[in-house]
Amino acid sequence: HRPPRGALDPPRGIAVRHSRPAMTSRLLPLLFATILLVPTAPAQPADTPASTPEDAVRATIDALFDGMRAGDSARVRGLFADDAEIQSVEAGDDVVVQSQTADDFARAVGQPRNAVWDERIWDVDIRVDGPMATAWMPYVFYIDDERSHCGVNSFHLVRRADEWHIQHITYTRREECDVPAEVRKSG
């Protein structure tokens, strides 16, 4: 079955020689030029600046927990201000507040161990005012797959030289928390 003749067909009796290689050689440069001219969405590398200050603060917080999971003391220490402090608040018969420096914390993160420190957060509330930010978030802390404790983190961050640094963390520590199913470890 032959398609009907159209206006672009050659007149009858005129032989037309079709050459695929010639057609291909003409189309390849056109195809290549089209690919070059079509705008593409670039993949966003991990170190691309965040779109909002809140996103940048969240990226700093996430980097802390990623560094803890990796046991990377240098990465963790680099996220803190030079004079940063971390305090835990435990309520029992008496309220006990324990303090440590960011240096001590980073050293503890980097200690060789077989277990992974996995802190998971949710419902993160970030507030930014110029070079200062706070972040409040519930958390649950696992050592490998075993739940250790939970509570709430309160972060204070300061932006210096276009980077957010953790100035202070205060966190509560208790045994029981209502942890959403999507945050819980299944193991």
Side-chain angles (χ1 to χ4, degrees), residues 31-89 99-110 116-145 147-174 177-187:
L31 179 64
F32 183 69
T34 303
I35 290 171
L36 290 176
L37 294 175
V38 171
T40 59
Q44 184 172 352
D47 59 351
T48 298
S51 59
T52 67
E54 290 81 3
D55 291 340
V57 168
R58 177 63 191 253
T60 301
I61 293 166
D62 290 342
L64 172 66
F65 298 129
D66 290 343
M68 288 170 58
R69 278 186 284 278
D72 187 342
S73 61
R75 181 177 181 190
V76 166
R77 183 59 186 100
L79 297 167
F80 284 90
D82 291 340
D83 56 346
E85 187 175 53
I86 301 166
Q87 295 182 308
S88 68
V89 179
S99 298
Q100 70 181 126
T101 66
D103 289 333
D104 292 338
F105 178 70
R107 264 193 296 279
V109 165
V116 173
W117 289 4
D118 186 5
E119 186 160 339
R120 296 175 174 212
I121 59 175
W122 66 97
D123 291 341
V124 180
D125 180 25
I126 297 172
R127 310 275 174 115
V128 177
D129 183 31
M132 179 186 77
T134 62
W136 176 276
M137 73 220 66
Y139 77 91
V140 60
F141 187 84
Y142 291 92
I143 298 175
D144 279 336
D145 290 331
R147 185 169 155 167
S148 171
H149 61 276
C150 54
V152 171
N153 289 323
S154 174
F155 280 56
H156 293 245
L157 299 93
V158 175
R159 188 180 65 231
R160 292 188 176 106
D162 291 331
E163 289 185 2
W164 288 98
H165 295 276
I166 301 165
Q167 185 68 48
H168 192 97
I169 299 174
T170 302
Y171 65 96
T172 58
R173 185 178 175 130
R174 58 183 172 272
C177 297
D178 187 21
V179 179
E182 65 272 10
V183 176
R184 280 186 234 132
K185 277 202 166 184
S186 58

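For Ala108 against Trp117, the heavy-atom pair with the smallest separation is O-CH2, 3.6 Å.
Every residue two or more places apart in sequence or in another chain that forms a ring pair (Phe, Tyr, Trp, His ring centres under 6.0 Å) with His149 is listed here: Tyr139, Phe141. Asp103 meets the salt bridge (charged side-chain N to carboxylate O under 4.0 Å, His left out) test with Arg77; sequence neighbours excluded. The salt bridge (charged side-chain N to carboxylate O under 4.0 Å, His left out) search around Asp104 returns Arg107, not counting sequence neighbours. Considering only residues two or more places apart in sequence or on other chains, Arg160 meets the side-chain contact (heavy atoms from CB on, under 4.5 Å) condition with Ala81, Val158, His165, Gln167.
In this structure, Thr172 contributes its side chain and Val152 its backbone to a donor-acceptor pair below 3.5 Å.
For residues 60-71, the side-chain hydrogen bond (donor to acceptor under 3.5 Å, both in side chains) pairs, not counting sequence neighbours, are Arg58-Asp62, Asp66-Arg69, Arg69-Asp118.
A 4.5 Å side-chain heavy-atom check between Leu64 and Val76 finds at least one atom pair inside the cut-off. The side-chain heavy atoms of Cys177 and Arg147, taken from C-beta on, include a pair separated by under 4.5 Å. Glu119 places a side-chain heavy atom less than 4.5 Å from the side chain of Asn153.
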Test side-chain contact (heavy atoms from CB on, under 4.5 Å) on Ile169 and Phe105 and set out the steps.
CA-CA 11 Å; Ile169 299 174; Phe105 178 70; over 6 Å; no
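Atom-to-atom distance recorded for Leu157:CG and Glu163:CD is 12.5 Å, nearest 0.5 angstrom. Atom CZ of residue Arg120 and atom SG of residue Cys150 lie 14.0 Å apart, to the nearest 0.5 angstrom. Of the inter-residue distances, the one linking Thr170 atom OG1 with Phe155 atom CZ reads 10.0 Å to the nearest 0.5 angstrom.
Annotation: Asp178, atom CG; neighbour count of heavy atoms from other residues, nucleotides and ligands within 6.0 Å does not exceed 12.
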Show the atom names and distances, to 0.1 Å, of all donor-acceptor pairs under 3.5 Å that link a side chain in residues 122-137 to residues at least two apart or in another chain.
unit_1: Asp125; atom_1: OD1; unit_2: Arg127; atom_2: NE; d: 3.4
unit_1: Asp125; atom_1: OD2; unit_2: Arg127; atom_2: NH2; d: 3.4

